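Input: a single structure, listed below in structure tokens.
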There are 2 protein chains.
Amino acid sequence: MSRPSRTDAERNRLRVLNVAHELFAERGDEVQMAEVARAAGVGVGTVYRHFPTRQALVGAVAEQRFAKVLSFLEEECPARPDACGAVEALLTRVGEMHEEGRAVSGVIEASFGGMAPRGEVGEALLAMGARLVERGRSDGTLRADVTVADLYMSVGAVAMLSHNEIGDWRRFVEIALDGLRRPYHA
Amino acid sequence: MSRPSRTDAERNRLRVLNVAHELFAERGDEVQMAEVARAAGVGVGTVYRHFPTRQALVGAVAEQRFAKVLSFLEEECPARPDACGAVEALLTRVGEMHEEGRAVSGVIEASFGGMAPRGEVGEALLAMGARLVERGRSDGTLRADVTVADLYMSVGAVAMLSHNEIGDWRRFVEIALDGLRRPYHA
DNA sequence: CTTTAAACGGAATCGGATTCCGATTCCGCA
DNA sequence: TGCGGAATCGGAATCCGATTCCGTTTAAAG
């Protein structure tokens, strides 16, 4: 919440965060705290004051990513003609994000098992998700009993599949989407 | 392949493997090599001769689990009346396995990102999966264009969802299954 | 009952995250 | 503009846990 008043502190915090993101993207889990510090032009102590733990640093990087998803959900999704299309766009976006950024995803997955969003971004995501599901219920393009949790799980599944290299995740988007559209009935 | 000739070696290898499994189940990623050694009643050196790396040990534990899935696939699945039912049983089984054993799954996920089976067990799984998909194609209970990769991805997704606590994975089994049954068509 | 290659135990080593603390800066205030 | 001191810095020192090393012990072939 309360940003520190000293401007250099905030500047350093950002520098560290960005550098960490880049390094993780390049070399994944093998980058060490001292490297991040060096590349950011600060001492290890500084890195640790801003991010008390390596996991905290990774968490911050992860949050940036969730923020991107959130803004997509807020800006692009409403533009889609129907809820189903919006969900498809969402899943695809998440997949693409993890596909490039694969290395970063790996780091996140290794630090936290899985990767559910936390904090206000998490709340906001949940809220937007609920809205999307609601929309689907009313415009009838999603099965009537979908829940945010269903959506959440689908997103998580796509995220996981798109950064591991098991099969064509775009294919899975189709499958999940078909499942979300409506229950099977002969 | 070639089991060592000395019987004590083989006995120790098993002891270590089982103890590791138990400890991982109890306390997850925090158990350390020295503990495993102590609990197994051997020295650290012994643990390392059998499993040259912590990751290797975790990998061996993981393989045991894959072996269970394989035997399920070989024994229970053929008994199901149709391919779709078999897939449902498979997904459910995988989910249950990861739900109890949650801690173990966490350890595996932390050591390897994701968790694709390796070696002969992996091959065998792939083969059985292919057979199942084939069956689905011919009895018509799965959509005509499913692939082993689709099945693989679904299994992976359920595994991931059932050991993280994001939503009701059984629900997701339904969704994925609906997607695997047939493509959407208005 | 030797012989000997293989297995054992566990102290020592190594690598990397985290802590500590004296030296340096910003910021508000006179 | 100049000063006081709290917050920030940097990076050497510490801590912790995985991994290596090597002298000792042991199963099993002849």
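Keep in mind that this is a model prediction, so the values were computed, not measured. A, B, ... follow the sequence lines: proteins, then strands. Residue 1 opens every chain. Every heavy atom of this structure was used, including side-chain atoms; hydrogens, water molecules and symmetry mates were not.
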Next item on the list: Tell me whether the OP1 or OP2 atom of dC9(D) has a side-chain N or O from Asn12(A) closer than 4.0 Å.
Entry: yes

Note to self: So if I take every side-chain heavy atom of Ala9(B) and compare against dA7(C), dT20(D), dT19(C), which nucleotide ends up nearest?
What the structure shows: dA7(C)

Note to self: Nearest whole Å is fine: how far is dT24(D) C1' from Asp8(B) CG?
What the structure shows: 15 Å

Check: Got a sec? Which of residues 26-35 of chain A come in under 4.0 Å of DNA chain C, heavy atoms?
Finding: Gln32(A), Met33(A)

Check: Hey, does the side chain of Thr46(B) come within less than 4.0 Å of dG9(C)'s phosphate (OP1/OP2), counting only N and O?
Finding: yes

Next item on the list: Mark yes when over 12 heavy atoms from residues, nucleotides or ligands other than Arg171(A) sit less than 6.0 Å from its CZ; otherwise mark no.
Entry: yes

Next item on the list: Give a yes or no on this: more than 12 heavy atoms of other residues, nucleotides or ligands lie within 6.0 Å of atom CD of Glu96(B).
Entry: yes

Notebook entry, point to check: Rounded to the nearest 0.5 Å, how far apart are OG of Ser154(B) and CG of Leu180(B)?
Noted result: 4.0 Å

Item checked: Nearest-nucleotide pick for Tyr48(B), side chain only, options being dG9(C), dT20(D), dT19(C) -> dT20(D)

Notebook entry, point to check: Closer than 4.0 Å, any side-chain N/O of His50(B) to the OP1 or OP2 of dC8(C)?
Noted result: yes

Margin query: Can you confirm whether Arg118(B) sits close enough to Glu63(B) that some side-chain heavy atom of one is under 4.5 Å from a side-chain heavy atom of the other?
Written below: no

Note to self: Using the side-chain heavy atoms of Val44(A), tell me which of these nucleotides is nearest: dA18(D), dA28(D), dT18(C).
What the structure shows: dT18(C)

Notebook entry, point to check: Is it true that Arg27(B) and Glu30(B) have a side-chain N and a carboxylate O under 4.0 angstrom from each other?
Noted result: yes

Note to self: Taking Gly179(B)'s backbone N and O only, do any of them form a donor-acceptor pair with Arg143(B)'s side chain (distance below 3.5 Å, no angle check)?
What the structure shows: yes

Check: Going by number, which of residues 51-63 of chain B have a non-hydrogen atom under 4.0 Å from DNA chain C?
Finding: none

Item checked: Stepwise salt bridge (Lys or Arg N to Asp or Glu O under 4.0 Å) test for Glu134(A) and Arg131(A) -> CA-CA 5 Å; Glu134(A) 187 45 52; Arg131(A) 191 174 307 183; over 6 Å; no

Notebook entry, point to check: Is a side-chain donor-acceptor pair under 3.5 Å present for Arg65(B) with His98(B)?
Noted result: yes

Note to self: So, under a plain 3.5 Å distance rule, would you say the side chain of Arg49(B) forms a donor-acceptor pair with the base of dA7(C)?
What the structure shows: no

Note to self: Can you confirm whether Glu76(A) is buried at CD, in the sense that more than 12 heavy atoms of other residues, nucleotides or ligands lie under 6.0 Å from that atom?
What the structure shows: yes

